[in-house]
Novice: 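Okay, here's the structure, questions in a sec.
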Amino acid sequence: MTDSAENSALDYSTTLYLPQTDFPMRAGLPKKEPEIVARWLDLGLYKKLREDAKDRPRYVLHDGPPYANGNIHIGHALNKILKDVITRSFQMRGYDSNYVPGWDCHGLPIEWKIEEQYRAKGKNKDEVPVNEFRKECRDFAAHWIKVQTEEFQRLGIEGDFETPYTTMDFHSEARIAGELLKFAMSGQLYRGSKPVMWSVVERTALAEAEVEYQDYESDTIWVKFPVVNGPDDLKGNFVVIWTTTPWTIPGNRAIAYSGRIAYGVYEVTAAENDFGPQPGEKLVFADALAEECFAKAKLEYRRLRDVKADELATVICAHPLEGLADGYQFAVPLINGEHVTDDAGTGFVHTAPGHGREDFDAWMDFTGDLMRQAVLSGSGKTQHFSFDSARECFVTAGKDFHTTIPFTVDDAGFFTGDAPGFGPDRDGGPARVIDDKGKKGNANQTVITALIEADRLFARGRLKHTYPHSWRSKKPVIFRNTPQWFVHMDMDLGDGTTLRSRALNAIDDTRFVPKAGQNRLRAMIEDRPDWVLSRQRAWGVPICVFADEDGNVLKDEAVNKRILEAFEAEGADAWFAEGAKERFLGNDHDPAKWIQVTDILDVWFDSGSTHAFTLEDRPDLKWPADVYLEGSDQHRGWFHSSLLESCGTRGRAPYDTVITHGFTMAEDGRKMSKSLGNQVFPQDVMAKSGADILRLWVMNTDYWEDQRLGQTIIQTNIDAYRKMRNTVRWMLGSLAHDKGESVDYADMPELERLMLHRLWELDAVVNKGYDDFDFKRISRHLLDFMVLELSAFYFDIRKDTLYCDAPSSTRRKAALQVVHHIFDRVVTWLAPMLPFTMEEAWLDRHPDAVSVHLEQFRKCPDEWRDDELAAKWKKVRTVRRVVTGALEIERREKRIGSSLEAAPFVHVTDDALREAIEDLDMAEICITSGVSVSSTPAPGGAFTLPDVNGVAVVPALAKGRKCARSWRVTEDVGSDPEFPDVSARDAAALHELRKLGRI
RNA sequence: GGGCUGGUAGCUCAGCUGGUUAGAGCGCACGACUGAUAAUCGUGAGGUCGGAGGUUCGAGUCCUCCUCGGCCCA
């Protein structure tokens, strides 16, 4: 090796166009990102984006509102990042793509928080005026909106955070109420009833999340129901049920059995006691439970025969309290129940539809079936049929059958008139289930006594089990039938459609990404019962209707107008203010006749109405939205309620496209949880690595499915980020020498044209990816492009040209221009994904620019497409691969270090491959100092690759001396006496530079 | 228990309507360079495609069952 380089007088590095940039290799995102956010806010970037795009077609992604009650978690981050990438990408692809963030503000969790604060201060919610309480809820939500706004902005989310929408704005509340009134006026809203968990102590309904299960001792009873119709030999026998809530017997309306369980008729053969069942009595039990039951009643027995399910289906019993008072003289049918098991009890389940969810569902299925068979009038009026008529009789005779569910217990736990003999008509007043202290009242005992008197008690006992208790008072709760407001799913809306049919049609007309969401939503709509809108709560939009005692709603547009105007001006608090009833009813209606409903709307109705008060009402938006995007849980939630609300009021979905994302799991694929300590907090990732790292994770993941996130995965993304960042950095450094001199496409070397062709191809991939919301496809292609084709190929080859060529070199100018094209495209394509880093890069390249986010994706002219050239270079790279492989051996054997020390002989016997490289400078492409190509077969021992036929390489050292400037080994080093240690090309470059005063 | 959905190298992902020895990037190991330098280039080792049956000349790709996970219900 020559040592002229070391002895050189000139430090040639100063004569090279080496990359020059202040764009740091290490990003320092945690520090830099907040500065960029601040700059965007100072600029008013959101407004600038709108101004910039004001003449473009609008693209609206409607934000599903997060709940305003805490810091954001990884799910929020995922969701908002996806939305942001969509809005930013559409903005850069020719649309006015604005984004109005929203918040869900009403509802239970916020009420809890406020109550919790009250408890801490020793206050009681019920002692606080409702509007004072609502005010505190409002302030609480407002606080978290502020916090989350900052967190979202820190993530790089661009949106109208100055004027977001919230469900608690007065205007929103007015419009939500208005939407409800549309349902009321069109007759879709009706009052029905449903059992809910009820705390007598607190006089309030409880949600599932508000109860906890504690040990409790219940009275248990086995009750005999006499068979009055069915198979002849069963008449007069008893069907026996078991229950842990004796007080629900007055509410019994049916007995559930299971078609999967074996039953038999059993006869008592001996009795230990002289009370209770006596020898000769015949009873039906599940076979698996008979022994246990008879033992409990201290009886001996024998089994008489099987009882089949189809026999049970025909059985009608009398109510065990039929003899007690008027009101129990109805038939108790046996109904098939999916929930019935033979694990415990008797194999028959006492069904009191007002006192249990499963009871209610089984009962509704049963009555629903009957209704569909059109044998019932469905008038809603209670008209008991005679129990000595057969079931066939009432079915075929079309007798009236009461489908209403009795309200047997009031809010204070007392029996009502719907429980004859136990309510106000009872001597000594109504019996009580639970008292104000949460202790058992006398209801159970009273019912048991009545059953004994009627000789309908088979046995009794006590049972320790877990039972729901109020989270707050720690007292037991009961299931209690309560009036609720519903929307019909299957009522003819006057045009032959129903809410259900409209919703199903709307689903067919909607694009789902991924496709599976369509089936999921459809299945839910197909199956769902009527929509319950009411909640017995304080913090929400009221169901602002007046109803008479029968539940008929007052329909008066003048009243509605007064309500909505008041809400618009004062918020929904107006409904709860003193004198509201008289104020809204006005002079046309007698306040004594009308009941003001005080229930509030389920928050799903609020968020289901966001399309009305944002998309329709804001001039910057449009209805319907182009796209809704949320987690897959929202098939049951927001997608669902928005669909129903919109179909009920407008006949179609409020969206054209629905995108769903999965959930974020810990690294092992399991749910993140506090107790496992495997949670990842977006705040931590941002503080340690930066928001762009988190965003890159989102971009690289298959978000349609559940994703995983943890330390390893974050590190993977940090590594990918670094690679991309360094590639961008190198371009910035090279482009520092770009004078913007352009070279005609036709004058460009093939390598440059190849890169333009690749850009043209990538352009299609990128746009298709954004169209399909398939971001990982884009990020994958771009990263691969940067790694495989830029860093390891194009840049590596062109370093010599860019660093060493003379200022006048066309090759160098063409390369610069291509790097410029690559930079502009790669950076803008990535800008929606990595908004901070690409902003930083863009401003580094274009110091006078405002923001990369105001840019549009650059077009790639069709002129750039050259499939033939691409095919040719595929062959070139095949040959290159063999050369590189041969050099690797030389390196391993320590015969060379740098590839520039080599000048191999390449024997290409494959005609197609040789043709491809014939007119090319393979030394340049292989980054060697020379390549000799021949078509003669290679000598034995030449290097080949198993998958490449017709190419063999014989390595050789380059002849000549090492150029002190370009480090290539050439024979023309020293040809210019003025620069004796450099090659001719470099000497010429030096002359030019000197002429320009550069050296 | 039901509806929907998923399990391909350490990590993230490709593998279209079943067809040659299952791919990529990163990471890792080793090497080179020292003018992208806490960077860059090269080479290599990693997979019984969750498991078991079955259909087929042939299955990661189709069918059945099992298993582990997820969302929503019950």
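Per chain, numbering begins at 1; letters A, B, ... match sequence-line order.
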Novice: In whole angstrom, give me the gap between the C1' atoms of B:U8 and B:U48.
Specialist: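 That atom pair is separated by 12 Å.
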
Novice: Compute both the distance and the angle, then confirm whether A:Arg758 meets the cation-pi test with A:Phe785: under 6.0 Å from the six-membered ring centre, within 45 degrees of the axis.
Specialist: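 A:Arg758 over A:Phe785 ring: no.
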
Novice: Just how far, in rounded Å, is P of B:U5 from CG of A:Asp706?
Specialist: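 It works out to 13 Å between those atoms.
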
Novice: Rounded to the nearest Å, what distance is computed from the NE2 atom of residue A:His640 to the P atom of nucleotide B:C73?
Specialist: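 Whole-Å distance recorded here is 10 Å.
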
Novice: With rounding to the closest Å, how many angstrom separate the C1' atoms on B:U5 and B:G10?
Specialist: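 Those two atoms are separated by 26 Å.
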
Novice: Looking at A:Asp796 and A:Lys799, is there a salt bridge between them, counting it only when a charged N and a carboxylate O are closer than 4.0 Å?
Specialist: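 Here A:Lys799 pairs with A:Asp796 in a salt bridge, since their nearest N and O are under 4.0 Å apart.
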
Novice: Identify whether any heavy atom of A:Lys894 sits under 4.0 Å from a base atom; if not, whether one sits that close to sugar-phosphate; answer base, sugar-phosphate or nothing.
Specialist: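 The answer is sugar-phosphate, as A:Lys894 gets under 4.0 Å only of primed atoms, P, OP1 or OP2.
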
Novice: Figure out the CZ/P separation between A:Arg695 and B:U12, and round it to whole Å.
Specialist: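 Going from A:Arg695 (CZ) to B:U12 (P), I get 21 Å.
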
Novice: Would you call the rings of A:His76 and A:His73 parallel, tilted or perpendicular if under 30° counts as parallel and over 60° as perpendicular?
Specialist: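 Judged by the thresholds at 30° and 60°, the geometry between A:His76 and A:His73 is tilted.
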
Novice: A:Asp719 or A:Arg670: which one's nearest nucleotide on RNA chain B is closer to the 5' end?
Specialist: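 The answer here is A:Asp719.
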
Novice: Kindly indicate, with the supporting measurements, whether the criterion ring-ring contact (aromatic ring centres under 6.0 Å, His included) is fulfilled by A:Phe773 and A:Tyr703.
Specialist: CA-CA 10 Å; A:Phe773 311 105; A:Tyr703 72 87; 8.4 Å; no

Novice: Tell me the interatomic distance from A:Ile889, atom CD1, to B:C30, atom P, rounded to whole angstroms.
Specialist: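 Answer to the nearest Å: 19 Å.
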
Novice: Base, sugar-phosphate or nothing for A:Gly897? Non-hydrogen atoms, less than 4.0 Å.
Specialist: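 Sugar-phosphate contact only.
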
Novice: Closest nucleotide of RNA chain B for A:Ser899 versus for A:Phe793: which of these residues is on the 5' side?
Specialist: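 In this pair, the answer is A:Ser899.
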
Novice: Determine the Euclidean distance between corresponding C1' atoms of B:A36 and B:C13; express it in Å to zero decimal places.
Specialist: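 Comparing C1' positions in B:C13 and B:A36 gives a spacing of 27 Å.
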
Novice: Under 3.5 Å between N/O atoms: give me all the protein pairs with nucleotides 46-50 of chain B, atom names plus distance.
Specialist:
none

Novice: For B:G46, measure the glycosidic angle (O4'-C1'-N9-C4 for a purine, O4'-C1'-N1-C2 for a pyrimidine) and name it syn if it falls within 90° of 0, otherwise anti.
Specialist: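 Syn, which is what one calls it when the glycosidic angle falls within 90° of 0.
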
Novice: Using atom P in both nucleotides, what's the gap between B:C28 and B:C65 to the nearest angstrom?
Specialist: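 Between the two P atoms, the distance is 44 Å.
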
Novice: Examine A:Arg965 relative to A:Phe979 and say whether NZ or CZ is less than 6.0 Å from the centre of the six-membered ring and inside a 45° cone about the ring axis.
Specialist: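 Geometry flag: not set, cation outside 6.0 Å or 45°.
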
Novice: Between P on B:U37 and CG on A:Leu18, what's the gap in Å once rounded to a whole number?
Specialist: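 Whole-Å distance recorded here is 10 Å.
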
Novice: For B:C4, give the paired nucleotide (Watson-Crick: N1-N3 plus N6-O4 or O6-N4; G-U: N1-O2 and O6-N3; both under 3.5 Å), or none.
Specialist: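 Answer to the pairing question: B:G70, which forms a Watson-Crick or G-U pair with B:C4.
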
Novice: Roughly how many Å is it from CG in A:Asp774 to C1' in B:A14, rounded to a whole number?
Specialist: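 The answer, rounded to whole Å, is 11 Å.
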
Novice: Quick one: label A:Arg636 by what it contacts on the DNA or RNA (base, sugar-phosphate, nothing), any heavy atom closer than 4.0 Å.
Specialist: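 It contacts sugar-phosphate atoms only.
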
Novice: Could you verify whether a donor N or O on one side chain and an acceptor N or O on the other, from A:Thr712 and A:Glu667, lie under 3.5 Å apart?
Specialist: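 There is such a pair (donor and acceptor under 3.5 Å, judged by atom type) between the side chains of A:Thr712 and A:Glu667.
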
Novice: Given the C1' atoms of B:G25 and B:U21, what is the spacing between them in whole Å?
Specialist: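 Pairwise C1' distance, B:G25 against B:U21, rounds to 22 Å.
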
Novice: Please tabulate the protein-to-nucleotide N/O contacts below 3.5 Å involving nucleotides 8-11 of chain B, giving atom names and distances.
Specialist:
| from | atom 1 | to | atom 2 | distance (Å) |
| --- | --- | --- | --- | --- |
| B:C11 | O2' | A:Thr716 | OG1 | 3.4 |

Novice: Counting only side-chain heavy atoms from C-beta out, which of B:A14, B:G35, B:C71 sits nearest to A:Leu16?
Specialist: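 Per side-chain heavy atoms of A:Leu16, the pick is B:G35.
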
Novice: Nearest 0.5 Å please: distance from the CG atom of A:Asn519 over to the CE atom of A:Met524.
Specialist: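 Between A:Asn519 CG and A:Met524 CE, I get 11.5 Å after rounding to 0.5 Å.
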
Novice: Where the side chain of A:Asn700 is concerned, which of B:G25, B:U12, B:C73 is the nearest nucleotide?
Specialist: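 For the A:Asn700 side chain, the nearest candidate turns out to be B:U12.
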
Novice: State which of B:G25, B:G70, B:U43 makes the closest approach to the side chain of A:Arg892.
Specialist: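 Comparing B:G25, B:G70, B:U43 against the side chain of A:Arg892, the answer is B:U43.
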
Novice: Return the set of residues passing ring-ring contact (aromatic ring centres under 6.0 Å, His included) with A:Trp638 (not counting sequence neighbours), or none when no residue passes.
Specialist: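 ring-ring contact (aromatic ring centres under 6.0 Å, His included) check on A:Trp638 returns A:His62, A:Tyr628.
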
Novice: For B:G47 and B:C41, measure between their C1' atoms and round to the nearest Å.
Specialist: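 Looking at atom C1' only, B:G47 and B:C41 are 27 Å apart.
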
Novice: Can you tell me how the ring of A:Phe605 sits relative to the ring of A:Trp531, calling it parallel under 30°, perpendicular over 60° and tilted otherwise?
Specialist: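 Taking A:Trp531 first and then A:Phe605, their aromatic rings sit tilted (interplane angle of 30° to 60°).
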
Novice: Write out a two-atom table: protein N or O, nucleotide N or O from nucleotides 38-40 of chain B, distance below 3.5 Å.
Specialist:
| from | atom 1 | to | atom 2 | distance (Å) |
| --- | --- | --- | --- | --- |
| B:A39 | O3' | A:Asn726 | ND2 | 3.3 |
| B:U40 | OP1 | A:Lys723 | NZ | 3.2 |
| B:U40 | O3' | A:Ser791 | OG | 2.9 |

Novice: Less than 4.0 Å between a side-chain N and a carboxylate O, is that true for A:Arg798 and A:Glu924?
Specialist: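 A:Arg798 and A:Glu924: salt-bridged.
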
Novice: Going by the rule side chain to side chain donor-acceptor pair (under 3.5 Å), which residues pair with A:Arg777 if we only count those two or more places apart in sequence or in a different chain?
Specialist: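 Per chain and number, A:Arg777 pairs via side chain to side chain donor-acceptor pair (under 3.5 Å) with no residue.
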
Novice: If the C1' atom of B:G18 is compared with that of B:G2, how far apart are they to the nearest Å?
Specialist: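 Looking at atom C1' only, B:G18 and B:G2 are 32 Å apart.
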
Novice: Just N and O in the side chain of A:Lys671: are any of them under 4.0 Å from OP1 or OP2 of B:C71?
Specialist: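 Affirmative; the distance criterion is met.
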
Novice: Taking only the C1' atom of each, what is the distance from B:C72 to B:U64 in whole angstrom?
Specialist: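 It works out to 26 Å between them.
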
Novice: Other residues, nucleotides and ligands only: do more than 12 of their heavy atoms fall within 6.0 Å of CG on A:Asp22?
Specialist: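 No, the 6.0 Å shell around CG holds no more than 12 heavy atoms from other groups.
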
Novice: Look at all strands and tell whether A:Arg881 reaches a base, only sugar-phosphate, or nothing, counting heavy atoms closer than 4.0 Å.
Specialist: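 Answer is nothing: A:Arg881 stays at 4.0 Å or more from every strand.
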
Novice: Can you measure A:Phe639 atom CZ to B:C71 atom P for me and round it to whole angstrom units?
Specialist: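 Atom CZ in A:Phe639 sits about 16 Å away from atom P in B:C71.
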
Novice: Does the side chain of A:Lys723 come under 3.5 Å of the side chain of A:Ser791 through a donor N or O and an acceptor N or O?
Specialist: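 On atom types as modelled, these side chains qualify, holding a pair under 3.5 Å.
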
Novice: In whole angstrom, what separates A:Met672's CE from B:G70's C1'?
Specialist: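 Checked: the CE to C1' distance equals 13 Å.
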
Novice: For the CD1 atom of A:Ile74 and the CG atom of A:Asp684, what is their distance to the nearest 0.5 Å?
Specialist: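 A:Ile74 CD1 to A:Asp684 CG: 9.5 Å, rounded to 0.5 Å.
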
Novice: Near RNA chain B, under 4.0 Å by heavy atom, which residues of residues 518-527 of chain A?
Specialist: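 A:Arg520, A:Met524, in order of number.
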
Novice: May I ask you to decide whether A:Glu840 forms a salt bridge with A:Arg729, counting only side-chain N to carboxylate O separations under 4.0 Å?
Specialist: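 So A:Glu840 does not pair with A:Arg729 through a salt bridge.
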
Novice: Does the side chain of A:Tyr803 get closer than 4.0 angstrom to OP1 or OP2 of B:A36 through an N or O atom?
Specialist: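 Result: yes.
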
Novice: Side chains of A:Phe639 and A:Phe512: does their closest heavy-atom pair fall under 4.5 Å?
Specialist: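 Answer no - side chains too far apart.
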
